[in-house]
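The analysis underlying the following values was restricted to heavy atoms, covering all of them including side chains, and did not include hydrogens, waters or symmetry mates.
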Amino acid sequence: MRGPRFAQAAAEVAQRYSQSVSFDQRLAEYDIAGSRVHAQALHAAGILSDEELAAITRGLGEIEAEIKEGRFEWKSVLEDVHMNIEAALTERIGAPGAKLHTARSRNDQIALDLRMFVRAESGMISEQLRVLQSAFLAVAREQTNVLMPGYTHLQRAQPIYFAHYLLAQIEAFSRDRERLKGVHRRADVLPLGAGALAGSSIVLDRAEMARALGFERISENSLDAVSDRDFVCDLLFALALIGVHLSRLSEDLILWSTTEFGFVEFSDAFATGSSLLPQKKNPDMAELTRGKCGRLIGDLVSMLTILKGLPSSYNRDLQEDKNALFDAVDTIHAALDVFIAMIPEMKINRERMEAAAADPQLLSADVAEYLVRKGVPFREAHAAVSTLARLGKPMPELTREEWQAASPLFDDDVRELLDPRRALATRKAIGAPAPENIEWELTRWRELIEGE
């Protein structure tokens, strides 16, 4: 690879510093797939004979089998996954192996491998999200009628059904899946054939290569093709946002599992104890997920920082893209696996949830709207109910005189509003938590998720 251009061998410390095979070897299956198709293109262009193509195909197959079985010897002195495979191939089959890199550079080779990796991973992560949505949907169907307080500013705000909360998580994960579809679409561009930056005088059939590798589009500019890592940033952003959603969910569950809330309890299989305090049952899986979100955001920032100062075309800095990418992918796979297994085993404490939701103060907005329906401007109605709240008494305990001191339009029938289930039955607008809306949403999501 260095060739006679260099009179001195690379320093050992430089070899150790610059090698990437210790981590980019996980791209081997994509690298071999690209090499197979590149060999076929060279054959079609008259560079490889039938025998040479057959030898390359056979040799790549043997190497692929050894890698899958863990028998392949990776050599850091060969720097990366590409040179390790090419060197092993040439050692096995001789001159045809040395022809394989014709009209190709490691620049377009790694761009290809990464695009194939991102396409595959975006699909696998989307499937994990679908399974997680199914887990939430199953809990929602089991707990359809459970009331709980909805919160703003971490203060009780209005009653909702627990199923409505769970459906909100499904909505967020649905947006994540839509983003992953976009990631897949933008990664689905063939860079192979761009060479180092300006293609090659040996013209290959890029359309056929794209078809063979399952790419929908072909890069239109060779310079951009080897330097573009937007699709990596796209995936890292999508994974960071999945992490944010999991982190916010974790925060809810951590709070709700405390004695102060007591809404949920993690199963023993997904909780840990204390090395000192024998009574403790800690929500460590949710806490770890909340923490790992920081890593996901850091991976995105790392990638953007690598790119922001680079001149056009390929630069060796781009070797650092893989650490961030692989870390984020591995982190999100692990987090989703935990939640897929943990959510169905979580115990729901209906009594504690409904006791908290029974607080009549949560229906203050309904009381204000009672006055609105009698013609009072909302701001005046808001002020009247705020006056009642300042009394510091539960609404059912207010006297008729206290109600009418706030507004003479209050009558005894206002007390009928202080039933959370009755109040929720009126929330019939699209997206609101009326029971029939929730049932419709449960059916809709079941059809969407199970229909894929």
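- One N or O on the side chain of Asn84 and one on the backbone of Lys75 form a donor-acceptor pair closer than 3.5 Å.
- Atom-to-atom distance recorded for Ile254:CD1 and Asp284:CG is 9.0 Å, nearest 0.5 angstrom.
- Residues Phe231 and Ser122 have side chains not in contact (no heavy-atom distance under 4.5 Å, counting atoms from C-beta outward).
- At least one donor-acceptor pair closer than 3.5 Å links the side chain of Thr443 to the backbone N or O of Glu439.
- Judged as a salt bridge (charged side-chain N to carboxylate O under 4.0 Å, His left out), the pairs with a partner in residues 265-278 (not counting sequence neighbours) are, in order, Glu265-Lys281, Asp268-Lys281.
- Listed by first and then second residue, the ring-ring contact (aromatic ring centres under 6.0 Å, His included) pairs that reach into residues 65-96 are Phe72-Trp74, sequence neighbours excluded.
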Please lay out, stage by stage, how Leu336 and Ile125 fare under the test side-chain contact (heavy atoms from CB on, under 4.5 Å). CA-CA 8 Å; Leu336 290 171; Ile125 294 166; 4.0 Å; yes
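- With hydrogens and angles disregarded, a donor-acceptor distance shorter than 3.5 Å links the side chain of Asp108 to the backbone of Gly195.
- Residues Leu325 and Val118 are in side-chain contact: their nearest non-hydrogen atoms beyond the backbone lie under 4.5 Å apart.
- Residues Gln109 and His101 meet the side-chain proximity criterion, which asks for heavy atoms closer than 4.5 Å.
- Atoms OG1 and CD1, from Thr90 and Ile85 in turn, are 11.5 Å apart once rounded to the nearest 0.5 Å.
- If you take CD on Glu441 and CD1 on Ile430, they are separated by 9.5 Å, rounding to the nearest 0.5 Å.
- In this structure, Glu91 has no side chain to side chain donor-acceptor pair (under 3.5 Å) partners at least two apart in sequence or on a different chain.
- Using a 4.5 Å heavy-atom cutoff, the side chains of Pro96 and Glu51 are not in contact.
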Apply side-chain contact (heavy atoms from CB on, under 4.5 Å) to residues Leu147 and Met353 and explain how you reach the verdict. CA-CA 6 Å; Leu147 289 170; Met353 281 188 173; over 6 Å; no
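- The two residues Leu100 and Ala39 come nearest to each other via the heavy atoms CD1-CB, 3.8 Å.
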Just distance, no hydrogens or angles: give the donor-acceptor pairs under 3.5 Å from side chains in residues 154-173, sequence neighbours left out.
unit_1	atom_1	unit_2	atom_2	d
Tyr165	OH	Asp252	OD2	2.7
Glu171	OE2	Arg444	NH2	3.3

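- Taking the charged nitrogens against the carboxylate oxygens, Arg421 and Glu354 do have a contact shorter than 4.0 Å, which makes a salt bridge.
- With hydrogens and angles disregarded, a donor-acceptor distance shorter than 3.5 Å links the side chain of Thr331 to the backbone of Asp327.
- Annotation: side chain of Phe215 is in contact with side chain of Asp188 (closest heavy-atom distance under 4.5 Å).
- With respect to the salt-bridge test (charged N to carboxylate O, under 4.0 angstrom), the residues Lys292 and Asp330 do not qualify.
- Among all heavy-atom pairs drawn from Asn315 and Ser312, the shortest one is ND2-O, 3.9 Å.
- Salt-bridge formation is detected for the pair Asp176/Arg179: a Lys NZ or Arg NE/NH1/NH2 atom is positioned less than 4.0 Å from an Asp or Glu carboxylate oxygen.
- Looking at Asp24 and Val21, their side chains come closer than 4.5 Å, going by heavy atoms from C-beta outward.
- Considering CD1 of Ile56 and CG of Leu89, their distance stands at 6.0 Å, rounded to 0.5 Å.
- For the pair Arg229 (side chain) and Ile306 (backbone), a donor-acceptor distance under 3.5 Å is absent.
- Each salt bridge (charged side-chain N to carboxylate O under 4.0 Å, His left out) pair with one or both residues in residues 212-228, not counting sequence neighbours, appears once here: Arg115-Asp228.
- The two residues Leu424 and Pro433 make their nearest non-hydrogen contact at CD2-CG, 3.7 Å.
- Although no hydrogens or angles enter the test, the distance criterion places no donor-acceptor pair under 3.5 Å between the side chain of Asn349 and the main chain of Lys347.
- For the salt bridge (charged side-chain N to carboxylate O under 4.0 Å, His left out) condition, the pairs that include at least one residue of residues 121-135, sequence neighbours left out, are Glu127-Arg130.
- Contact between Ala328 and Leu236 at its shortest, heavy atoms only, is CB-CD2, 3.4 Å.
- With salt bridges taken as basic N to acidic carboxylate O contacts below 4.0 Å, one links Arg186 and Asp234.
- No more than 12 heavy-atom neighbours from other residues, nucleotides or ligands sit within 6.0 angstrom of CD on Glu73.
- With respect to Glu86 and Arg106, no salt bridge is recorded, no charged nitrogen being found less than 4.0 Å from a carboxylate O.
- For the atom pair CZ of Arg248 and SG of Cys293, the computed distance is 10.5 Å after rounding to the nearest 0.5 Å.
- The minimum heavy-atom distance linking Ala111 with Ala225 is given by the pair CB-O, 3.8 Å.
- Side-chain contact between Leu180 and Ile242 is present, with heavy atoms from C-beta onward closer than 4.5 Å.
- Remark: the Trp440 side chain and the Glu436 side chain contain no N/O donor-acceptor pair separated by less than 3.5 Å.
- Of the possible donor and acceptor atoms, one in the side chain of Arg352 sits under 3.5 Å from a partner among the backbone N and O of Phe261.
- In this pair, Phe23 and Phe326 present their aromatic rings perpendicular. The plane angle is above 60°, beyond the 30 to 60° band.
- Using a 4.5 Å heavy-atom threshold, the side chains of Met209 and Leu190 count as touching.
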Step-by-step side-chain contact (heavy atoms from CB on, under 4.5 Å) determination, Leu363 to Glu369: CA-CA 10 Å; Leu363 297 168; Glu369 289 166 357; over 6 Å; no
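- A salt bridge links Lys181 with Glu178: at least one charged nitrogen is closer than 4.0 Å to a carboxylate oxygen.
- Under the 3.5 Å distance criterion, the side-chain polar atoms of Gln319 are left unmatched by any main-chain donor or acceptor of Arg316.
- The heavy-atom pair separating Ser313 from Ala196 by the smallest distance is OG-O, 4.3 Å.
- Checking side-chain atoms of His38 against main-chain N and O of Thr102 turns up a donor-acceptor pair under 3.5 Å.
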For Gln133 and Leu448: C-alpha separation, side-chain torsions, deciding distance, then whether side-chain contact (heavy atoms from CB on, under 4.5 Å) applies. CA-CA 10 Å; Gln133 287 178 305; Leu448 287 172; over 6 Å; no
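- In this structure, a donor-acceptor pair under 3.5 Å is present between the side chains of Glu345 and Ser267.
- Distance check: Gln15 CD to Leu78 CG gives 9.5 Å after rounding to the nearest 0.5 Å.
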